Amino acid sequence: MLLSGLLFAVSGTDSEGTDLRPGRYTDLAGLVAGEASDYQRIEDRFNELSEEVDRLGAGVSDKRVERLRREQRELRDRAGATPRRGPGIRITLSDAPEELLDAAVASGVVKLNRFVVHQQDIQAVVNALWTGGAEAVTIAGQRVVSTTGIRCQGPVVQLQGVPYPQPYVIEAVGEVSDLLAAVDSDELVSLYRSDSADPQIGIGWEMESVADVRAPAYDAVLDLQYAKPLR
């Protein structure tokens with residue numbers, strides 16, 4: 001009893017009136033808000049410098065520069081630098097309900113990673129949409145381009161350097177019937193959907209047709225990487 005009392009006193013002193021073990025969702029909200037704010041500052045600075053470069057470059061008169069500018073204008077749409085809108089589909093992925101996760105922990109039978117949305121689940125859906133002829137794809141409202149990185153970071157998924165909590169909303173502009181057929185026939189997506197249909201797992205899956213999907217132009221920092229020949 002004396003030892004327990006001592007531990008309680010030490011915990012109370014160290015916590016200074018706060019919770020030593022804050023809830024999962026409080027930690028998650030703070031993580032997302034903090035990292036998103038840092039990223040926003042970097043992106044704002046990048047946009048300022050880009051505008052300055054464009055302003056200075058506009059005064060350059062050179063045949064080669066003009067040719068490159070024409071090529072740039074032709075490639076902007078394929079690179080995701082122009083907005084797109086039109087009919088398409090919306091897919092929402094989300095973690096399984098906590099009561100199912102708690103039941104799985106208690107039973108110790110099912111693998112816990114099947115209750116959580118992972119980066120490969122999002123990538124599988126996006127790849128299926130490209131296969132179905134999607135003209136533009138967004139995740140959480142952010143345009144997906146060839147350099148987009150989707151990474152798991154703890155309890156959140158990081159997209160282009162910004163962390164996003166679940167649910168993950170994926171939208172695509174394109175021929176609705178082709179998009180639906182591509183998603184339905186994809187093997188990796190089918191595995192995810194089988195877990196969604198399993199009443200003991202119940203990981204979140206929703207798919208619907210949308211009359212007007214809006215995909216903004218990609219305006220974040222491009223992280224270009226390329227191979228170099230060996231010498």
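Predicted model only: the values in this text are computed from it and were never measured.
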For a 4.5 angstrom cut-off between non-hydrogen side-chain atoms, does D95 reach P167? no
Sub-3.5 Å donor-acceptor pair from the side chain of S196 to the main-chain atoms of I203, do we have one? yes
side-chain hydrogen bond (donor to acceptor under 3.5 Å, both in side chains) partners of T82, counting only residues at least two apart: D77
Go through the structure and list residues passing salt bridge (Lys or Arg N to Asp or Glu O under 4.0 Å) with D121, not counting sequence neighbours. none
Validation row: W205, I91 side chains within 4.5 angstrom (heavy atoms): yes
When hydrophobic residues are tied together by side-chain contacts of less than 4.5 Å, even through go-betweens, does V105 share a cluster with V117? yes
Exercise: identify the closest heavy-atom pair between A134 and V137: CB-CG2, 3.8 Å
Any idea which heavy atoms bring L100 and I201 closest together, and the distance? CD1-O, 3.3 Å
Student check: side-chain heavy atoms of Q142 and Y164 closer than 4.5 Å: yes
Flag the pair V157 / Y168 as yes when at least one side-chain heavy-atom distance between them is below 4.5 Å, and no otherwise. yes
Taking the side chain from R143 and the backbone from P216, do they hold a donor-acceptor pair closer than 3.5 Å? yes
Closest heavy-atom pair, G204 versus Y192, reported as atoms and distance to 0.1 Å, is O-OH, 2.6 Å
Should V173 and V145 be regarded as members of a common hydrophobic cluster, given that ILVMFWY residues are connected when their side-chain heavy atoms come within less than 4.5 Å of each other, either directly or indirectly? no
Does E187, at its CD atom, have more than 12 non-hydrogen atoms belonging to other residues, nucleotides or ligands within less than 6.0 Å? no
In short, R151 meets Q119 closest at the heavy-atom pair CA-OE1, 3.1 Å
Is any side-chain heavy atom of I170 closer than 4.5 Å to one of I122? yes
Determine the minimum heavy-atom distance between V176 and S209, stating which atoms define it. CG1-OG, 3.4 Å
Indicate, with yes or no, if V169 and V162 share a hydrophobic cluster defined by side-chain heavy-atom contacts under 4.5 Å among Ile, Leu, Val, Met, Phe, Trp and Tyr. no
If we only count heavy atoms from C-beta on, is the L180 to I89 side-chain gap below 4.5 Å? yes
Could you measure the distance from the OG1 atom of T138 to the CZ atom of R214? Nearest 0.5 Å is fine. 12.5 Å
Pairs meeting criterion salt bridge (Lys or Arg N to Asp or Glu O under 4.0 Å) with involvement of residues 170-185, two or more places apart: R90-E171, D184-R193
V126/I139 under side-chain contact (heavy atoms from CB on, under 4.5 Å): CA gap, chis, key distance, verdict: CA-CA 9 Å; V126 171; I139 303 174; 3.9 Å; yes
Roughly how far apart are R114 CZ and Q200 CD, rounded to 0.5 Å? 9.5 Å
Hydrophobic cluster membership, with links at side-chain heavy-atom distances under 4.5 Å among I/L/V/M/F/W/Y: are V189 and M207 in one? yes
Report yes or no: does N127 contribute a side-chain atom to a donor-acceptor pair with the main-chain N or O of Q123 at less than 3.5 Å? yes
Kindly check if the number of other-residue, nucleotide or ligand heavy atoms within 6.0 Å of CD (Q120) is above 12? yes
Closest contact, heavy atoms only, S94 versus Q166: CB-OE1, 3.3 Å
